[in-house]
**Student:** 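The structure is given below, and queries will be raised subsequently.
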Amino acid sequence: MKRRYQPGEVELKWQALWSGKDIYRSAPDARPKFYCLEMFPYPSGKIHMGHVRNYAIGDVIARYKRMRGFNVLHPMGWDAFGLPAENAAIKEGVHPARWTHDNIAYMKKQLIRLGLSYDWGREVATCDPAYYRWNQWFFLKMFEKGLAYRKASFVNWCPSCATVLANEQVIDGSCWRCESVVVQKELEQWFLRITAYEEELLAALDGQMDGQKLSGWPEKVLLMQKNWIGRSEGLEIAFPVEGSHDEIPVFTTRADTLFGAKFICLAPKHPVAEKFFAADRGALEKISEHYGKMEEKQGLFTGHYVINPVNGERLPVYVANFVLMEYGTGAIMSVPAHDQRDFEFAQLYGLPLKVVIRPEAASGLPTDSLLRAFEDDGVLVDSGPFSGLASEEARRRIAEYIEAKGSGRRVINYRLRDWGVSRQRYWGTPIPIIYCERCGIVPVPEKDLPVVLPEDVKFTGKGGSPLVLAEDFINVDCPGCGGRARRETDTMDTFVDSSWYYVRYCSGGDEPALDKANISYYMPADQYVGGVEHAVLHLLYSRFFMRVIRDLGFTSISEPFQRLLTQGMVCMETIRCPEHGWLYPSEVENERCTRCGRTVERGRTEKMSKSKRNTVDPDQLIKTYGADTARLFSLFAAPPERDLEWSEKGVEGVYRFLQRIFTFVYDNLEMLTGPGAAVPAAPVIAAAPQGPPGEKTPPLIRKTHQTIMRVTRDIEREYHFNTAIAAMMELVNAITALAPEGREGDAWQLRFAVEKMLLLLAPFCPHLAQELWEAIGMASDIQLESWPGYAEDAAREEQIELVVQVNGKVRAKIMVPQGLTDEDIKARALSEPRIKETLTGKDIKNVFAVKGKLVNIVAR
RNA sequence: GCGAGAGUGGCGGAACUGGCAGACGCGCUGGACUUAGGAUCCAGUGGGGCAACCUGUAGGGGUUCAAAUCCCCUCUCUCGCACCA
């Protein structure tokens, strides 16, 4: 019976059967668990190829681990709060809730259509009050512990989104979401005190926490987080202000340059600066306007001086726009000779400089002709008693001196700032705070949670958050005094939602959200898969939240994600028409634009994006080739952590591969299921059928064992799915090569190879594997079968090809039996006629043998 | 500027601790079957040469019996950070 591979038919059939059976449901039991987690998507409307790749990777891992006997938790949900929903409301008049739920419904269908093995019973949507109630609960707990606080500060303001952004959300001075230029604005904001954990967050990155190292994280991500937290050791030095009792503390990592300090700079917001300019606020404000702008340095002399505690030198005090209030003490000592920024500032305002560090080798630095600052370590000069010391030693000695003198202390500073979570937006978690004229800031009592986002609001797109106008929402009685009060109208940054969703998944939908037993069974996630774009944002916040959850007594775990796999981007070639700009592939015919007929330019391969029109629609892809092909190609084209170049031709290649398996099985069904297909010997799963007694392992059986070995090893070793798939392709080539009809004697070998092949294929292409599993007469669910084992003995070749080199060049290849000693193979190599020939007239200097498979003869 | 990573056929990519460079797939070439092939199957495919052989992993140098792999220099690309004192 001939049957053609119709992926749609096969896949829908099994998806229908699986949906009723709930076979991917997990619950704590005695087995070892494996928590396989992929970053949940924002329900933007449709999934894109990046999702397909991300979830295909996760699904193979989950299915593989399941077959290896783990109790796999593999959940999925929706990062459902966020701006696009609100923008859609403004533009199209759809309510964000409606828009979001519609998108979720559609995207869920798409994920199901991909055949992903999720436990849908644990699905969460962060916009669900039952979910965000816990955002509020965490907020209250943090408020109680002083980890959530309110303060006025300069914030990153995106004028287009009309909201505040966290530092992590500003990319190159622009909004991470809409790319408009971010400006500084002063606002009252809620902050989460992530800095309370800065030391610990950093220590774990260095592997300094016992048992909870992040050894399974890419080095690159660890480094990015390390730099983000930015620890630096230094000295805080107090400079007394001349003619007053004030002191200005500054932070420096270069105490060795202290004798070279020529002036002091204050941040515009520095309290001392405000004091100095109490009478002339205008001048200060002018500088403030340029605060944080990097284009140009601006300064303003305060008219005051401080005294350098180390040598009594009188130093002028400036206010400078480039000095950050948020870092260190908000004031710096400026050493123009040894800091490029100070150098530039000094040039600008005609300030002097003084060289106090000399490179070790060179004779000296000409003071008057410095072209730029000398920032390296060196030897101190003109530094009183410290002259002649090397920088490193000098830093220690000067620090000791300053501390002894009572003028300062050694401190450690971090670049990391507290996390500003207030957003002037509607579609997010309401911050559970009430402002009372009498009682001040009052947290919403726990029993009143959740503070539900009112649905009945107006979306105008103007004048900030719609909540500001929602009278019923705003006006409340104060929980303290019962008097009139109003609610906080800001909502939380959506990164709060995603900072703990993986903990929520540990308990089923109808179980309590935070259940200690569930958390301790499933956490931490054994494998997390997602894009690198979250290397600092989401991953750092989550590490912070996990520690908060730990300190609330739910678990002893600090690190939420044991292993992290950051998959590369999905890219595709771009095409441009000189007249019409970016083109879809369908707009090109014979290298010409279908609209104007001009020759198109094939551009570089770039990340798929709608604006560049180099996208592939998963729906279309699945319609044409099926989910199994879509999954398989995503995994075959490149190793997971690398960027993947999409290629229609490549997809076809993978499709052909599946088709070949399918037709082979159906074309040979009788042989595969007939009496001759009974495997002789005792083929326990892990054992090797050696063939009929007395015979050697038949080649196909050996190839099968080799393939199982390779696929297993490739998956275990860093998830190299691309090479695992290549190995399976080789096996299929071997199977079909042995196919000619009539060779009934080989039936049992084919049967054996096909069975194992389907098991190997099951995590990658679950539908096809199941279909053919059934076809060859298996009644079971292939997903519930065990991963096949292999026998090293059966995998080993009996004959090996011995490579013989003379002076490092291959001169002969001879077949020899497996397992010869080095002496044996050397002898064989030397007696080979072709080798003798090349060696005539030469003296053999040395002979090397490598692992019984290569001989190198050194001869002159 | 600082930090990290990567450069291998026409293309995507293989090559575990130094040990046959190019697995697997795409593309290409030839053939078979066909009314036809953008279907399928078979064979070939780094470059040069009729051949033995030579040559080849961004470029240059080094270590080694042996280097894509280790070391040094140069170039190119990608990513992250960028007044953090």
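Scope of the values below: all heavy atoms of this structure, side chains included, with no hydrogens, waters or symmetry mates. The chains referred to below are lettered A, B, ... by the order of the sequence lines, with proteins before strands, and numbering in each begins at 1.
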**Student:** Of A:S232 and A:K813, whose nearest nucleotide on RNA chain B comes first from the 5' end?
**Tutor:**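 Nearest-nucleotide comparison on RNA chain B picks A:K813.
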**Student:** Quick one: look up who B:rU78 pairs with, Watson-Crick or G-U, both distances under 3.5 Å, and put none if it's unpaired.
**Tutor:**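 The answer is B:rA4, by the H-bond criterion.
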**Student:** Using the P atom as the reference point in each nucleotide, state the distance between B:rC26 and B:rA21 in Å, no decimals.
**Tutor:**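 Going atom to atom, P in each nucleotide, I get 25 Å.
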**Student:** On a plain distance test, is the side chain of A:K853 in donor-acceptor contact with the base of B:rC20 below 3.5 Å?
**Tutor:**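 Per atom types, no contact qualifies.
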**Student:** Just how far, in rounded Å, is C1' of B:rC41 from CZ of A:F664?
**Tutor:**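 Interatomic distance, CZ of A:F664 to C1' of B:rC41: 15 Å.
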**Student:** Expressed in whole Å, how much space separates the P atoms belonging to B:rC20 and B:rA66?
**Tutor:**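 That atom pair is separated by 14 Å.
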**Student:** Which whole number of Å gives the distance between the P atom of B:rA58 and that of B:rC11?
**Tutor:**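 Each nucleotide's P atom is 13 Å from the other's.
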**Student:** Tell me which nucleotide, if any, is Watson-Crick or G-U wobble paired with B:rG12 when both distances must be under 3.5 Å.
**Tutor:**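 B:rC24 - that is the nucleotide pairing with B:rG12, both distances being under 3.5 Å.
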**Student:** If you draw a 6.0 Å radius around NZ in A:K607, do more than 12 non-hydrogen atoms from other residues or ligands fall strictly inside?
**Tutor:**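 No.
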**Student:** Measure CG/A:D667 against C1'/B:rU40 and give the value in whole Å, please.
**Tutor:**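 Rounding to the nearest Å, CG of A:D667 and C1' of B:rU40 are 11 Å apart.
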**Student:** CG of A:L820 to NZ of A:K826: how many Å apart, nearest 0.5 Å?
**Tutor:**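 Interatomic distance, A:L820 CG to A:K826 NZ, rounded to 0.5 Å: 13.5 Å.
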**Student:** Using the closest heavy atom to pick a nucleotide of RNA chain B for each, name whichever of A:F251 or A:A637 lands nearer the 5' end.
**Tutor:**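 It is A:A637 whose nearest nucleotide is closer to the 5' end.
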**Student:** Is it true that A:K703 and A:E730 make a salt bridge, defined as a side-chain N closer than 4.0 Å to a carboxylate O?
**Tutor:**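 Counted as a salt bridge, because a side-chain N and a carboxylate O are separated by less than 4.0 Å.
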**Student:** Whole Å only: how far is the NZ atom of A:K809 from the P atom of B:rA67?
**Tutor:**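 One finds 10 Å between P of B:rA67 and NZ of A:K809, rounded.
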**Student:** Partner lookup for B:rC50, please. Criteria are Watson-Crick or G-U wobble with both distances under 3.5 angstrom; report none if nothing qualifies.
**Tutor:**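 The base-pairing partner of B:rC50, which may sit in any strand shown, does not exist here.
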**Student:** Name the pairs: protein N/O against N/O of nucleotides 23-33 of chain B, kept only if under 3.5 Å.
**Tutor:**
from	atom 1	to	atom 2	distance (Å)
B:rA23	O2'	A:E730	OE2	2.7
B:rG25	OP1	A:N733	ND2	3.3
B:rC26	OP1	A:R656	NE	3.3
B:rC26	OP1	A:R656	NH2	2.7

**Student:** Between C1' on B:rG18 and CD on A:Q805, what's the gap in Å once rounded to a whole number?
**Tutor:**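 About 12 Å, once rounded to whole Å.
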**Student:** For the P atoms, the ones on B:rG10 and on B:rC28, what distance do you get once it is rounded to whole angstrom?
**Tutor:**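 Rounded to whole Å, the distance is 16 Å.
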**Student:** Quick one: CD on A:E199 to OG1 on A:T195, what's the gap to the nearest 0.5 Å?
**Tutor:**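 Rounded to the nearest 0.5 Å, the CD-OG1 separation comes to 11.0 Å.
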**Student:** Is there a side-chain polar atom (N or O) of A:R415 under 4.0 Å from OP1 or OP2 of B:rA82?
**Tutor:**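 Affirmative; the distance criterion is met.
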**Student:** With both distances under 3.5 angstrom, what nucleotide forms a Watson-Crick or G-U wobble pair with B:rA36?
**Tutor:**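 With both distances under 3.5 Å required, B:rA36 matches none.
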**Student:** Using the C1' atom as the reference point in each nucleotide, state the distance between B:rG12 and B:rA4 in Å, no decimals.
**Tutor:**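 Each nucleotide's C1' atom is 25 Å from the other's.
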**Student:** Working to the nearest 0.5 angstrom, can you tell me the gap between A:F345 CZ and A:Q298 CD?
**Tutor:**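 Between atom CZ of A:F345 and atom CD of A:Q298 there are 9.5 Å.
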**Student:** Measure the distance from CG on A:D843 to C1' on B:rC65 and round it to the nearest whole Å.
**Tutor:**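 After rounding, the gap between these two atoms is 16 Å.
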**Student:** Give one of base, sugar-phosphate or nothing for A:N413, where a contact means two heavy atoms less than 4.0 Å apart.
**Tutor:**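 If one applies the 4.0 Å heavy-atom cut-off, A:N413 turns out to touch nothing in the nucleic acid.
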**Student:** Round to a whole Å and report the spacing from CG of A:L854 to P of B:rG19.
**Tutor:**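 After rounding, the gap between these two atoms is 10 Å.
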**Student:** If we count only N and O atoms by modelled type, under 3.5 Å, do the side chains of A:Y349 and A:E344 hold a donor and an acceptor together?
**Tutor:**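 There is no such pair (donor and acceptor under 3.5 Å, judged by atom type) between the side chains of A:Y349 and A:E344.
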**Student:** Using Watson-Crick or G-U wobble geometry with both distances below 3.5 Å, tell me the partner of B:rG18, or none.
**Tutor:**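 Matched B:rG18 with nothing under the 3.5 Å cut-off.
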**Student:** Can you tell me the Watson-Crick or wobble partner of B:rG30, both distances under 3.5 angstrom?
**Tutor:**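 Its partner is B:rC42.
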**Student:** Any chance CD of A:E718 has more than 12 other-residue heavy atoms, nucleotides or ligands included, within less than 6.0 Å?
**Tutor:**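 No, CD of A:E718 has 12 or fewer neighbouring heavy atoms, counting only those of other groups under 6.0 Å.
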**Student:** How would you label the glycosidic angle of B:rG9: syn (within 90° of 0) or anti?
**Tutor:**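 Glycosidic conformation of B:rG9: syn.
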**Student:** Would you indicate which nucleotide in B:rA66, B:rG13, B:rC83 comes nearest to any side-chain atom of A:K297?
**Tutor:**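 The answer is B:rC83, which lies nearest to the side chain.
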**Student:** Under 4.0 Å, counting only non-hydrogen atoms across every strand here, what does A:E801 touch: a base, just sugar-phosphate, or nothing?
**Tutor:**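 Counting heavy atoms under 4.0 Å across all strands, the contact made by A:E801 includes a base.
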**Student:** Ignoring the backbone of A:W228, work out which of B:rC81, B:rC20, B:rA4 is nearest its side chain.
**Tutor:**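 Among B:rC81, B:rC20, B:rA4, the one nearest the side chain of A:W228 is B:rC81.
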**Student:** Measuring only the P atom in each nucleotide, how far is B:rA67 from B:rU55? A whole number of Å is fine.
**Tutor:**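 It comes out at 13 Å once rounded to the nearest Å.
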**Student:** Given the C1' atoms of B:rA14 and B:rG9, what is the spacing between them in whole Å?
**Tutor:**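 My reading of the C1' atoms in B:rA14 and B:rG9 gives 13 Å.
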**Student:** Flag yes if more than 12 heavy atoms outside A:K649 fall under 6.0 Å of its NZ atom; otherwise flag no.
**Tutor:**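 Count not over threshold, so no.
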**Student:** Please work out which of the three classes, parallel, tilted or perpendicular, describes the rings of A:F251 and A:Y327, given edges at 30° and 60°.
**Tutor:**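 Rings of A:Y327 and A:F251: perpendicular, as their planes differ by over 60°.
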**Student:** Under a 3.5 Å cutoff, is there a donor and acceptor pairing between the side chains of A:N733 and A:R660?
**Tutor:**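 Present: a donor and an acceptor within the cut-off.
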**Student:** Whole angstroms only, please: what is the CD-C1' distance between A:Q659 and B:rU40?
**Tutor:**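 Roughly 9 Å, once rounded to whole Å.
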**Student:** Tell me what A:V858 touches on the nucleic acid: a base, only sugar-phosphate, or nothing, going by heavy atoms under 4.0 Å.
**Tutor:**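 Sugar-phosphate contact only.
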**Student:** Applying a 4.0 Å non-hydrogen cut-off, can you work out what A:R231 is touching in the nucleic acid: base, sugar-phosphate, or nothing?
**Tutor:**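 Nothing, no heavy atom under 4.0 Å.
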**Student:** What distance, rounded to whole Å, do you find between the two P atoms, one in B:rC16 and one in B:rG22?
**Tutor:**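 So the two P atoms sit 13 Å from each other.
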**Student:** Rounded to the nearest angstrom, tell me the gap between atom CG in A:N807 and atom P in B:rC54.
**Tutor:**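 Interatomic distance, CG of A:N807 to P of B:rC54: 11 Å.
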